[in-house]
Structure formats: structure tokens, C-alpha cells
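Okay, structure first, notes after.
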Amino acid sequence: MKNKLVARILYEIADLLELEGVPFKPRAYRRAAQAVESCSTPIEDFVAAGKLSELSGVGKAIADKIEEIVKTGKLAYHEELKKKLPIDLYSLTRVDGVGPKTAKLLYEALGVRNLDDLERAARAGKIREIKGLGKKTEEKILRGLAEARRTEARMPLGHAYPIADELRRRLRKTGLFTRLEVAGSLRRGMETIGDLDILGTAPDPNAAAAAFVGLPDVEEVIAHGPKKSSVRLSSGLQVDLRIVPEESFGAALQYFTGSKAHDIALRARAVARGWKLNEYGLFDEGGKVLARKTEAEIYARLGLSFIPPELREDQGEIAAAEAGNLPDLVELSDIRGDLHVHTDWSDGKAPLAVMVAEAKKRGLSYIAVTDHAKFSQMIPGLTPDEVRRQIEEIARLNG
DNA sequence: GCCGTTTTCGGCCCGACTGTTTTCAGTCG
Ligand SMILES: Nc1nc2c(ncn2[C@H]2C[C@H](O)[C@@H](COP(=O)(O)OP(=O)(O)OP(=O)(O)O)O2)c(=O)[nH]1
Ligand SMILES: [Mg+2]
Ligand SMILES: [Mg+2]
């Protein structure tokens, strides 16, 4: 799967164009990069099918570039742009607090091209001498280097869930928060998540934020304010917390759930109506509140049916919501059966009748009983005769 | 460079925190 490689090159092009002062194109390249990155289908498949432009944000020009990357592993346009600034922008901007402008400044002042150069310059105390940078920036860069060198690993959704739950439990225990919800890619149910995004309301936001950055396994405080704080845990996982006024909770949940592209599209929709949408609410020309308490109100006021978080990727869901054409998502209640169930006939814990009763309680219409057969002394299993008897009991329960 | 029941041309989201700034640019969500 070459999605990561393609995204990386597109992101670099965005930074390089931005540094040249080119307007709007950086935004287009970033949007395309993000679309490719968050696409769970290999981008090669789109190329093979000639369907790259089906990705919203990818047009003819970028589609051609993606095809070139997939076929040759590189892109002439990208290499040409890099001649003017021959540095590893992608790696350098992975350092916390280092963006394209700082990377360029570091290259021009000190010849820094990569992370090793950056570390040498920081250790030698050269960075604090650059006009516009200082001691704190140098120290922050030194702290950020190790993290930037780690191989980029997004966390599987299933690993992130329990961590988020535990974090929420610990924050709730401080007694300083009234509401706490998980937002970001975790709420959207993405297969992998880059960080944890948590939204809260609190009577005393300063105290709540202080409790957050003071959690035991916080290794680094990236930002600390009454509305927004960010930390890195000792595991390397970043956690972002937004604290908003109670009445803005719906607008804030909409903002913080994202995705970024979905947020931007919704905000543009508000602008087209002469309104403004931010994490505090939807406002008309005069600043009057149109909606803010719930997400549902925000979508309704923008003329859209409610869009479930799982669909919020700006890949056609807004048009569908406007037309009332949103697909029905699979819910827990849609699960009809369980095709792998053990009972106490082998190594399961519950008797067959209990499993059947529980399955009915959960609204399942069938289960497949898949007890072990006898094949080792170590694992309990059914003999051919027991299988026949179990089949009879199943028939009785079905009857 | 992309996109569209306001448009196929003319727009392109909005705000919080930090550091070195004497008034705001850069980075990030
Ligand atoms: N309006 C707006 N919202 C943004 C922007 N960047 C991020 N957000 C919002 C939407 C995101 O889903 C949310 C959390 O940001 P993250 O960087 O954590 O992204 P997200 O959780 O979607 O993906 P991740 O798995 O963390 O990479 O903040 C932005 O540039 N503008
Ligand atoms: Mg996130
Ligand atoms: Mg985040």
C-alpha cells in the first residue's frame, strides 16, 4: 500500500509551495494528501481502475502526479521544487513546533537539512542565536527530536478505546469536569487514530486544565491554556483537551470530531449563507446565535440531516445529507447472528441453553455452536457420539 | 489546484497557545 508515500510527497509539495508564497495550492495539496492518507483502500487500486478523481480533493493534475508516484516511486515536479530547498521537510516538520517557515530558516541560517543536522545545531547552542528563535525553541526542539525519530505508528482503534476510557475516568474522578466526551478520529471510528481528542466542560476551566496537564503519566506539556491543552503521555501518545462553555458543547463536539476537511466544508457552507461556524456556535451576520447546544441543531440549521461521525470525511456525505440520501450505517442492533460460540460441552463457560437464552436476549436470530472436537487430552472436546447428542439437544432447544 | 442547486470562474475555515514580538507570526487543533 503506497498511500503513505503518496501523502508524504503531496504534503511536502504543499509546504514547498507555501514557502514560495503560492496562494491556495498548498491547501489543495494538503486536502488531497489527507484524502489519500485516510483512505483505507490501497491508492494503487484507484490508479489501476483509473478512478483517482473519485476521491474528493483529487482532480486531474494531482491524479496524474499520484499515478507517477505509484508507477515510479517519485515525482519530477516534487524533485524540481526540492532543488530550491533541498531539505527533508517532512521529517523536520515532524518535530513539535517546527513548521515549514522554521525549517527554512534553520536551513538558511545553519544549513540544517535533516534531523541529524538539527540535533547537532541544537546541541551546539546555535539555534538560540538565530534572530526570531531563542533558548526555549532550542530546548523544545531537543525534546521533540526523539519523538520525531520514532517510526510513525498510528494506534489501532481497539487499542485506543480502553486508553481513552481510562483517561476519561481519571479526569472525571478529579471532580472538575461536568461533561467529558471523546472526539476526533476515535469518535469517527477510524481504523487507526493519531492522538486522543477529548472535549470537556468545567465550571473552573483553569483548574480543570491544570488537573489535566498534571495527570501522572504526562511526560510533556505541549500547550496549557483554559480553552485548550495538549500533553504527551509517557507512552508517546498525544492527548488534546478542549474545554468549552456548556452552551457551546454541540458546536464544539462538531468541531472537535472533525474531520478537518468535513469541518472546513461545513464552515464554507455557513459562509455561503453569510454566517459563521466555529467551535462556539453557528452565528448569523449580526453575531446572533443560530445553533450551538447540540450537533443535531447545527446540521439542521445548515439544511442537512444529521451526519453520523463515521461519515464525516468530506467525501460526499454533505451533498448526501442535503439530499436526504445518507446511507444507513450498520448498528449493533443489525447484528443477526454469531457464527462462533463455545459452550460447556467443551471449553466454554455457559451451558447451551444459557447461550441460546442470551442470544435471544441480544436479538440474534441464530448462533453457530462451534465446540471443539476431541483431538487432544489437553483441550476438552466432543467425541463423535457427544456431537450426535449435542445435535439432539440443539434440535430440542430449536423446537 | 479543486470545486459547484448561489458558481465551470471565483472563491477558498476559524481560533488557541507560544515565544520573543514591542504588536504578531508561526504552529497547531
Ligand atoms: N476547523 C478546523 N478544525 C480542525 C483543524 N485541524 C483539526 N481540526 C479539528 C478536526 C479534527 O478532527 C479535530 C482533531 O484534530 P486531530 O489533528 O487530532 O485530527 P483527527 O483526530 O481527526 O485525526 P488523527 O487520528 O488525530 O490524526 O480537530 C483545522 O485546521 N480547522
Ligand atoms: Mg486526533
Ligand atoms: Mg488532536
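Each chain gets a letter, A, B and so on, in the order the sequences are listed, and its residues count up from 1. Note that these values count all heavy atoms, side chains included, but never hydrogens, waters or copies made by symmetry.
In this structure, Gly184(A) reaches neither bases nor backbone, as no heavy-atom distance under 4.0 Å exists between it and the strands shown. Heavy atoms of Pro26(A) sit nowhere under 4.0 angstrom from any nucleic acid atom. Using a 4.0 Å heavy-atom distance criterion, Leu266(A) is classed as making no nucleic acid contact.
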Enumerate all atom pairs, one protein N or O and one N or O from nucleotides 3-9 of chain B, separated by less than 3.5 Å.
unit_1	atom_1	unit_2	atom_2	d
dC3(B)	OP1	Gly57(A)	N	2.6

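Between Ala63(A) and Lys140(A), the residue whose closest nucleotide on DNA chain B is further toward the 5' end is Ala63(A). Heavy-atom nearest nucleotides on DNA chain B were determined for Lys276(A) and for Ile62(A), and the one closer to the 5' end corresponds to Ile62(A).
Contact check, Lys65(A) against dG1(B): a side-chain N or O comes under 4.0 Å of OP1 or OP2.
Between Arg94(A) and Glu152(A) there is a salt bridge, since at least one side-chain N of the basic residue sits less than 4.0 Å from a carboxylate O of the acidic one.
Judged by distance alone, the side chain of Ser305(A) and the main-chain N or O of Ala321(A) form a donor-acceptor pair under 3.5 Å. A distance-only check finds no donor-acceptor pair linking the side chain of Glu181(A) to the backbone of Leu199(A) [under 3.5 Å]. In terms of modelled atom types and a separation under 3.5 Å, the side chain of Asp347(A) and the main chain of His372(A) share no donor-acceptor contact.
Taking atom NZ of Lys135(A) as the reference point, atom C1' of dT20(B) lies 14 Å away to the nearest angstrom. Residue Asp263(A) contributes atom CG, which lies 13 Å from atom P of dG15(B) at whole-angstrom precision. Atom-to-atom, NZ of Lys131(A) to P of dG19(B) comes out at 18 Å; the value is rounded to the nearest Å. Atom CZ in Phe283(A) sits roughly 9 Å away from atom P in dG15(B) (whole-Å rounding). For the pair Leu105(A) CG and dG19(B) C1', the computed distance is 14 Å after rounding to whole Å. The CG atom of Leu133(A) sits 10 Å away from the C1' atom of dT20(B) (whole-angstrom rounding). Protein atom CZ of Arg128(A) is 18 Å distant from nucleotide atom C1' of dT18(B), rounded to whole Å. Rounding to whole angstrom units, CD of residue Gln34(A) and C1' of dC2(B) are separated by 16 Å.
Sorted by first then second residue, the salt bridge (charged side-chain N to carboxylate O under 4.0 Å, His left out) pairs that include residues 35-50 of chain A, not counting sequence neighbours, are Lys4(A)-Glu37(A).
Remark: Arg179(A) qualifies as a cation-pi partner of Phe249(A) under the 6.0 Å distance and 45° angle criteria applied to the six-membered ring. Cation-pi contact between Arg312(A) and Phe306(A): present, with separation from the ring centre below 6.0 Å and deviation from the ring axis of at most 45°. For the pair Lys65(A) and Tyr77(A), the cation-pi test (distance below 6.0 Å, angle within 45°) is passed.
Other residues, nucleotides and ligands contribute only 12 or fewer heavy atoms inside 6.0 Å of the NZ atom of Lys135(A). The number of heavy-atom neighbours closer than 6.0 Å to NZ of Lys293(A), taken from other residues, nucleotides and ligands shown, is 12 or below.
The Ala61(A) side chain lies nearest to dG1(B) when the options are dT20(B), dG1(B), dA16(B). Of the candidates dG1(B), dG19(B), dT18(B), the closest approach to any side-chain atom of Tyr29(A) belongs to dG1(B).
Within the 4.5 Å cutoff, the side chain of Glu358(A) has no heavy atoms near those of the Leu364(A) side chain.
Using atom C1' as the reference point in both dT6(B) and dG11(B), the two lie 12 Å apart (nearest Å). Nucleotides dG1(B) and dT5(B), compared at atom P, are 23 Å apart to the nearest Å. Taking atom P in both dG10(B) and dA16(B), one finds a spacing of 34 Å when rounded to whole Å. Taking atom C1' on both nucleotides, dT20(B) is separated from dG26(B) by 12 Å, rounded to a whole Å. Between the P atoms of dT21(B) and dT27(B), the separation comes to 16 Å (whole Å).
Nucleotide dT8(B) forms a pair with no other nucleotide shown, judged by Watson-Crick or G-U wobble geometry with both contacts under 3.5 Å.
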I'd like to compare against my own output: the B/S/- annotation of nucleotides 23-29 of chain B with a strict under-4.0 Å heavy-atom distance to protein. ---SSBB
